[in-house]
> 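Dropping a structure here in structure tokens format, bear with me for questions.
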Protein chains: 2
Amino acid sequence: MARRTPLRWRDIAEDILRRIESGDLAPRDGSAVRRRLPPEKDLESYYGASRNTIREALSYLQQRGHVISEQGKGTFVVDRPGTVHVTLSGAELGLAPGSGSGEGYHRFALVPGHREVTVSPVKVEVQVGTEVIGRYLQTDAELISRHQELFLDGRPWALQTSFYPLDFATKGASRLLSPRGIPEGAVAYLREALGYTEVGFHDEIKARVPDENEKRFFGLGESAADAVFETVRTAYAPDGRAFRLTVTVWPADRTRLHYNDGQVPDDVLKAPGAERPGDTPPESPSPGRGS
Amino acid sequence: MARRTPLRWRDIAEDILRRIESGDLAPRDGSAVRRRLPPEKDLESYYGASRNTIREALSYLQQRGHVISEQGKGTFVVDRPGTVHVTLSGAELGLAPGSGSGEGYHRFALVPGHREVTVSPVKVEVQVGTEVIGRYLQTDAELISRHQELFLDGRPWALQTSFYPLDFATKGASRLLSPRGIPEGAVAYLREALGYTEVGFHDEIKARVPDENEKRFFGLGESAADAVFETVRTAYAPDGRAFRLTVTVWPADRTRLHYNDGQVPDDVLKAPGAERPGDTPPESPSPGRGS
DNA sequence: TGGGATTTGTTCGTATGTATG
DNA sequence: ACATACATACGAACAAATCCC
């Protein structure tokens, strides 16, 4: 007979996963930061398979986001951080914790337990309007871009870049060029400095594969679970002009976005995602397994 | 010498991708449905690498969603269908094309060019309230679930399941149990039959790896690009009770979700994503390549 | 600081299985 | 039945990164 069972690597992968979850493989070690799997050589003899087959199984688990291998170090169990819920609409919201220390681009409501939002210094650049950005902002003039890294409880949370017409800075809102934050929030500052009121916005949401910079910041890998959300918010003034564009990138594996419309109960507004269990979605009734 | 360059498989992968995009490899054939790559054996001799190394490169391209290999047939270029823009909020929207033929769970605005929404028969089930669904609907009674496949211009577009308390059907809205659609839309029907008005909703958005059923329906593979959006809409009545839960799954590689809030120009409401180029997002200023 | 041991990464060769045409 | 083409599996060697004494 050729081999013990067909799809040996898959059986091995599933067994490894089972043993990880049962705590058998890779037990928690008080001192170690990450749970480590036995070296490939050990798995080789344990399963009586060749190293290549073991690697096939590990590669599968890595692709699925369960483990990560690092040359010279070993293979480690991936611990995904807890889910963060972010509400991006619902005018009734007050300024939630953090939106003041950020730039007030979005109003946030977070599940209780999360508290401290910190931000990197703002990286300010003046750019010639990209074709793409021009389409959103309906201008081809130069733009100010303000880029910031956001942290929640000290952990990477989002990457955010806002674009404004350069006009704004030369016509009164000079602090848009300052790398220091705008503590009262950019929205409030623009109203005060230019009389610009934000009366509405449009959000576009996509999910995509992270680029290298995003992978590094969020600690994402190559697995299918390691996608990012990209939200593009266009803010409008009363005259219908778009005057701000904010692009935010969020790690999709630990982020839920929330929108409200019309009359919604208070507790839902304030604590989206609260008291909802982790990862078991209301599932579709799994239509027949048609082969 | 051991080998020409290190990371041979990656060089090969990138070269293959370049040649695919230039149309050199896998030219379009009028008769063939899909562009096909040369067999591994040919690539082996072309690149002077072993078959395993070629497979390493192809595996990488497959993981990234550029190609798909099928046993006995060959390796094919993946053509991703055009992007579909869907607006999920903005009360000013009329019933856009398709929302009538669907169940009116969502109001859609689509980019011009897309027209015809078709739907599968509704699969109706009565379930004991899952723990999870109960959390959303705040009931532990039995639920009606209505599941449907949605097609746009004949192509798989979304999977949608709505949940209602079983009460509704026994107290007047009996058509909720009918596998035929509810042409005027479930929202209108419930208002008419039960006096239930929908005054607000809450949406929760996640991105995740598709399950087997979703992979089959949308034609997704194992690549990181093959994620799905899952939106969970909770609809509220004037008394603050949640009375409907709709779970919709969208293929993330070809779907953009849109939300509006406040005053937004008409053209943005009606044609989200229109006249915006394909895939070049307004990019963050790529912070230093920190090692 | 150095050098050997450990561990994963890359590449090759080869053989056989399975699906397709 | 046969050829083609991808899938799985084994064995082996060396490279590269890290760890440890």
> Given C:dT8, C:dT20, D:dA9, identify the nucleotide with an atom nearest to the side chain of B:Lys73.
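Between C:dT8, C:dT20, D:dA9, the one nearest the side chain of B:Lys73 would be C:dT20.
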> Considering only C:dC12, D:dT8, D:dA9, which nucleotide approaches the side chain of B:Arg55 most closely?
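In terms of side-chain proximity for B:Arg55, the closest of C:dC12, D:dT8, D:dA9 is D:dT8.
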> Run A:Arg55 and A:Asn52 through side chain to side chain donor-acceptor pair (under 3.5 Å) and show every step you take.
CA-CA 5 Å; A:Arg55 282 180 62 76; A:Asn52 278 339; 5.1 Å; no
> Phosphate oxygens OP1/OP2 of C:dT7: is one of them under 4.0 Å from a side-chain N or O of A:Arg51?
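No, outside the criterion.
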> Whole angstroms only, please: what is the CD1-P distance between B:Ile54 and C:dT14?
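One finds 16 Å between P of C:dT14 and CD1 of B:Ile54, rounded.
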> Does B:Thr75 have a side-chain nitrogen or oxygen under 4.0 Å from the phosphate oxygens OP1 or OP2 of D:dC6?
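Answer is yes, contact under 4.0 Å.
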> Between atom CG in A:Asn52 and atom P in C:dT11, what is the gap in whole Å?
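To the nearest whole Å, that distance equals 13 Å.
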> Could you tell me how far apart B:Glu44 (CD) and D:dA5 (P) are, to the nearest whole angstrom?
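Rounded to whole Å, this separation is 12 Å.
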> What is the distance, rounded to the nearest whole Å, between atom NZ of B:Lys41 and atom P of C:dT14?
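Those two atoms, NZ and P, are 14 Å apart.
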> Does the side chain of B:Thr53 get closer than 4.0 angstrom to OP1 or OP2 of C:dC12 through an N or O atom?
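Yes.
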> Nearest to the side chain of A:Gln71, heavy atoms from C-beta on, is which of D:dG11, C:dT8, C:dG13?
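Nearest to the side chain of A:Gln71 among the choices is C:dT8.
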> Locate the shortest heavy-atom distance separating A:Ala227 from A:Leu220; write the atom from each residue and the value.
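Answer, listing the atom of A:Ala227 first, then A:Leu220: O-CD1, 4.3 Å.
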> Return the value, rounded to whole Å, for the distance between atom OH of B:Tyr47 and atom P of C:dT11.
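It works out to 14 Å between those atoms.
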> Calculate the interatomic distance between B:Leu43 atom CG and D:dA5 atom P; express it in whole Å.
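These atoms are roughly 11 Å apart.
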> Is the shortest side-chain N to carboxylate O distance from A:Asp79 to A:Arg35 below 4.0 Å?
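A salt bridge links A:Asp79 with A:Arg35.
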> To the nearest Å, how far apart are A:Ile68 CD1 and C:dG9 C1'?
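For the pair A:Ile68 CD1 and C:dG9 C1', the rounded distance is 13 Å.
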> Ring-plane angle category for A:His258 and A:His85, please: parallel below 30°, perpendicular beyond 60°, tilted otherwise.
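Because their plane-to-plane angle lies in the 30° to 60° range, the rings of A:His258 and A:His85 count as tilted.
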> Out of A:Arg254, A:Arg64, A:Arg80, which one pairs with A:Asp226 under the salt bridge (Lys or Arg N to Asp or Glu O under 4.0 Å) rule?
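Single pass found, and it is A:Arg80.
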> Only pairs with both distances under 3.5 Å count, Watson-Crick or wobble alike; so what is the partner of C:dG21 in this structure?
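Partner of C:dG21: D:dC2.
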> NA contact type, B:Glu56, heavy-atom cut-off 4.0 Å: base, sugar-phosphate, or nothing?
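Nothing, no nucleic acid heavy atom in range.
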> Test for a donor-acceptor pair under 3.5 Å between the base of C:dG9 and the side chain of B:Arg10, counting only N and O atoms.
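Per atom types, no contact qualifies.
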> Could you say whether A:Gly72 or B:Ser50 is positioned toward the 5' end of DNA chain C, judged by the nucleotide with the nearest heavy atom to each?
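In this pair, the answer is A:Gly72.
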> Report yes if a donor N or O on one partner sits less than 3.5 Å from an acceptor N or O on the other, where the partners are the side chain of A:Arg8 and the base of D:dA7; otherwise report no.
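When only heavy-atom distances are counted, A:Arg8 does not reach the base of D:dA7 through any donor-acceptor pair under 3.5 Å.
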> For the pair made of CG in B:Leu58 and C1' in C:dT10, what is the distance, rounded to whole Å?
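Nearest whole value for this atom pair: 16 Å.
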